[in-house]
Amino acid sequence: MLHNLKKSLFEILIKIDKNVSINFEDVEVETLFDKKGDFTTNAALKFSKIFGKNPNQLADIILKSINLNNFEKVEIAGPGFINFFLKDESFNTQLFNNKKEFTEKEKVNIEFVSANPTGPLHLAHGRGAVVGDILSNLFEYFGHPVTREYYVNNTGNQINEFLSSILYSISHTYNLNLNEKQFYKGDYINDIAKNCYEKFKPLFDNKLSSDEKNNIVNYAIENLVNQTLQTLVTAGIKFDQISYETTIMGKGHLPLILEKFKQKDLTYEGQLNAPKDFTGTLKDNQLTIFKSTLFEDDEDRALTKNDGTPTYFANDIAYHEDKFQRGFNKLINIWGADHLGYLKRLSSAITSLHPKIDFSVVFCQIVNLKRDNKIQKLSKREGNIFELKNLIDEIGIDNFRYFMSYRKNDTHMDLDIDLIKRENKENPIYYIQYSYARTQSILNKVNKVVDTPVTITSELKNLYKKLLEWDNVVKSAYLKKEVHLIAHYLESLSSYFHTLWSSSKNKPSVKFLDNENNISYNIIKLLHNYQNVLDEGLKILGIKPKLKM
RNA sequence: GCGCUUGUAGCUCAGUAGGAUAGAGCACCAGAUUCCUAAUCUGGGGGCCGCAGGUUCGAUUCCUGCCAAGCGCGCCA
């Protein structure tokens with residue numbers, strides 16, 4: 001219906017003046033839920049300038065060309081809006097969703113979570129995990145083959161510190177004299193240390209070689225990554241591809257990349273300002289530096305370190321090159337807000353290698369945990385990290401997924417544990433599930449489907465219209481990569497359903513079932529349509545509908 | 001200091017590729033249940049859309065400046 005209306009408006013507009021060109025996508029038709037009408041368009045306002053007419057004049061011209069078949073009336077209102085009032089009988093016949101046309105077939109790679117393999121997942125990872133998974137579902141809804149990818153940074157100082165911390169724990173627990181420093185603390189380190197000790201017990205009789213240390217830390221990382229993936233599985237999140245930084249490095253992309261940069265004159269050998277706390281001398285070593293200031297970055301960025309090894313940035317470029325070589329041209333990364341400053345250098349490096357690549361980043365802002373109406377201060381340093389696993393156990397998968405996705409991803413958000421645990425309207429997911437259970441209870445009672453006329457009330461009209469918006473909502477969420485739009489729509493849709501349901505208290509004639517539990521053909525079609533939209537929406541959110549509550 | 005993100009009702013937040021009287025939930029007040037699930041519904045009060053300029057028929061939305069909060073600003077990852 002919305003599409004047809006848009007189409008007929010477009011056809012009218014292009015006939016008015018052949019010298020004026022208009023984009024079909026620029027014609028807007030919106031749904032109204034008040035006395036002003038059922039649908040509206042701002043076309044006359046929007047296009048008045050290019051037609052050189054005033055808005056009311058243009059609206060008048062459009063109005064005269066409109067086919068009135070389905071409409072009770074069409075009127076010009078306010079500064080030049082055209083409002084459409086649908087005939088009652090058209091609600092049952094015209095207001096159903098268009099079949100989706102899946103034209104998207106492009107492979108998409110969505111990389112998310114990618115937590116450092118030195119500790120368990122905590123709250124902040126949860127948002128990225130849910131947003132990434134839902135975004136993947138959304139891309140699949142539109143037909144894309146999606147690869148959900150997880151990257152493990154298993155090189156660098158953090159790994160040495162991780163190993164050192166494990167050996168420190170072993171040394172402490174088993175009274176060995178390993179002479180190691182403690183960097184990471186917590187029960188999880190002691191648990192992993194215990195596992196490592198049991199696995200590699202004989203090795204500790206002698207001094208550990210660097211190969212042996214390597215085996216120990218690799219085992220520890222594998223352990224931790226598996227735990228992490230297991231936690232995510234309890235939240236319904238499964239990855240198709242786990243990529244290890246060391247594996248990617250072994251493929252040898254980096255030298256070729258550096259050569260290409262050199263040919264494009266995007267690098268130079270030189271020095272940057274001394275890093276924080278640096279006490280040595282810089283002058284002897286030249287670094288390879290990427291000219292990211294050419295791409296509006298604040299500073300040029302080092303690709304190699306003082307000791308000649310590649311920086312994290314360099315390896316990350318190689319990693320994205322690897323994704324490209326695996327056949328992905330559309331790359332989406334989900335990052336925490338602490339990586340905002342990293343975007344320019346990486347995207348400029350990638351697009352300078354592959355100008356046509358479609359690389360984008362979805363940022364997830366900080367999540368605060370609220371309990372007893374107080375923001376909980378969480379910090380690694382204080383050792384009071386709230387593990388993600390505990391959160392999921394406490395609130396359940398449905399709540400976890402819904403609440404992590406119902407706020408716009410780039411705004412700060414408070415996760416109110418007490419509110420989430422309430423099972424009423426304050427908790428939208430219960431509200432949505434309850435509406436589904438109500439429709440199912442009707443369907444369970446149906447005796448016969450009969451062809452009786454339906455009383456068209458304003459509550460019924462509103463539900464029809466709201467259902468019609470689904471196609472636009474899901475498409476908009478997809479185009480903008482904003483998953484919260486789905487959650488908000490479902491909540492709002494449920495509200496229209498509950499309102500319709502309750503309206504029968506005062507008007508028994510609008511009950512879904514008659515006295516013999518018969519249901520009219522149009523109503524059962526409506527209920528199925530309602531369930532269908534909730535099914536699709538909840539599936540994207542990764543939440544199972546409840547048939548009974 | 002620089003960059004990014006944010007600032008909308010008492011609270012938590014939607015809405016902005018410029019459009020009509022800025023929305024929802026909570027909280028507060030008043031109501032609805034012999035009747036398909038009251039985990040629900042109906043009504044009410046409550047807003048210089050951070051501040052000040054600019055662009056135009058029209059700005060919460062775009063531009064500039066300022067104020068406030070968060071994050072980032074290594075040859076860490």
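Bear in mind that the values here come from a model prediction, so they are computed numbers and not experimental data. Proteins come first, then strands; the chains are lettered A, B, ... in the order of their sequence lines, and each starts at number 1.
Straight-line distance between the C1' atoms of C29(B) and G46(B): roughly 12 Å, to the nearest whole Å. For the C1' atom pair drawn from C41(B) and C4(B), the interatomic distance equals 44 Å after rounding to whole Å. Nucleotides G1(B) and G58(B) place their P atoms 37 Å apart, quoted to the nearest Å. The gap from the C1' atom of A14(B) to that of C75(B) amounts to 45 Å, rounded to the nearest Å. Taking atom P on both nucleotides, U60(B) is separated from G72(B) by 34 Å, rounded to a whole Å. Look at the P atom in both G3(B) and G74(B): the space between them is 15 Å, to the nearest Å. Taking atom P in both U5(B) and C57(B), the straight-line distance is 30 Å, to the nearest Å. To the nearest whole angstrom, the two C1' atoms, one in U56(B) and one in C73(B), are 39 Å apart.
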* Asked: Dot-bracket for RNA chain B: what is it, with Watson-Crick or G-U pairs under 3.5 Å, [ ] where a pair crosses earlier ones, and | for a pair to another strand?
  -> (((((((..((((.....[...)))).(((((.......))))).....(((((..]....))))))))))))....
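Between the side chain of K546(A) and the backbone N or O of Y436(A) there is no donor-acceptor pair closer than 3.5 Å. Between the R401(A) side chain and the L541(A) main chain, a donor and an acceptor come within less than 3.5 Å of each other.
The aromatic rings of F313(A) and Y342(A) lie perpendicular to each other, with more than 60° between the two planes, well past the 30° mark. Taking the six-membered ring where the residue is Trp, F497(A) and F512(A) present parallel rings, their angle staying beneath 30° rather than reaching 60°.
Between D38(A) and K461(A) there is no salt bridge, since no side-chain nitrogen of the basic residue lies less than 4.0 Å from a carboxylate oxygen of the acidic one. Electrostatic pairing of D34(A) and K36(A) counts as a salt bridge here, judged by a charged N lying under 4.0 Å from a carboxylate O. E111(A) and K323(A) are joined by a salt bridge, as a carboxylate oxygen and a charged side-chain nitrogen come within less than 4.0 angstrom of each other.
Remark: Y312(A) is not in phosphate contact with A77(B), judged by side-chain N or O atoms under 4.0 Å from OP1 or OP2. Between T304(A) and C75(B) there is no side-chain polar atom (N or O) within less than 4.0 angstrom of OP1 or OP2. OP1 or OP2 of G72(B) has not a single side-chain nitrogen or oxygen of K344(A) nearer than 4.0 Å. Using a 4.0 Å cut-off, no side-chain N or O of R301(A) falls inside it from OP1 or OP2 of C75(B). Under 4.0 angstrom from either OP1 or OP2 of A39(B) there lies no side-chain N or O belonging to K546(A). Taking 4.0 angstrom as the limit, Y489(A) places none of its side-chain polar atoms (N or O) nearer than this to OP1 or OP2 of G15(B). Checking the phosphate oxygens (OP1, OP2) of A14(B), a side-chain nitrogen or oxygen of T411(A) falls inside 4.0 Å. At A38(B), one or more side-chain N or O atoms of K505(A) fall inside 4.0 Å of OP1 or OP2 (strictly under the cut-off).
Nearest nucleotide to the D410(A) side chain, out of U6(B), A38(B), C71(B): U6(B). The side chain of K408(A) approaches U16(B) more closely than any other nucleotide in the set U5(B), U16(B), U12(B). In this structure, the nucleotide among C73(B), C57(B), G70(B) sitting nearest to the side chain of L340(A) is G70(B). Of the candidates A77(B), C36(B), U37(B), C36(B) carries the atom nearest the F512(A) side chain, counting heavy atoms from C-beta on. Distances were taken from every side-chain heavy atom of Q365(A) (C-beta onward) to each of U5(B), C41(B), G72(B); the shortest belongs to U5(B).
Taking atom CZ of residue F162(A) and atom C1' of nucleotide A77(B), one finds them 14 Å apart after rounding to whole Å.
Taking the ring axis of F24(A) as reference, the NZ or CZ atom of K6(A) stays within 45° of it and closer than 6.0 Å to the ring centre.
Between H339(A) and L500(A), the residue whose closest nucleotide on RNA chain B is further toward the 5' end is L500(A). Residue-to-nucleotide proximity on RNA chain B shows that, of P310(A) and D414(A), the 5′-proximal contact is made by D414(A).
Taking 3.5 Å as the limit, the base of C41(B) and the side chain of T499(A) contain no donor-acceptor pair of atoms between them.
If you check the side chains of E459(A) and T499(A), you find no donor sitting under 3.5 Å from an acceptor.
Aromatic pair F10(A)/H3(A): ring centres not closer than 6.0 Å.
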Check nucleotides 22-26 of chain B for protein N or O atoms closer than 3.5 Å to its own N or O atoms and list the pairs.
none

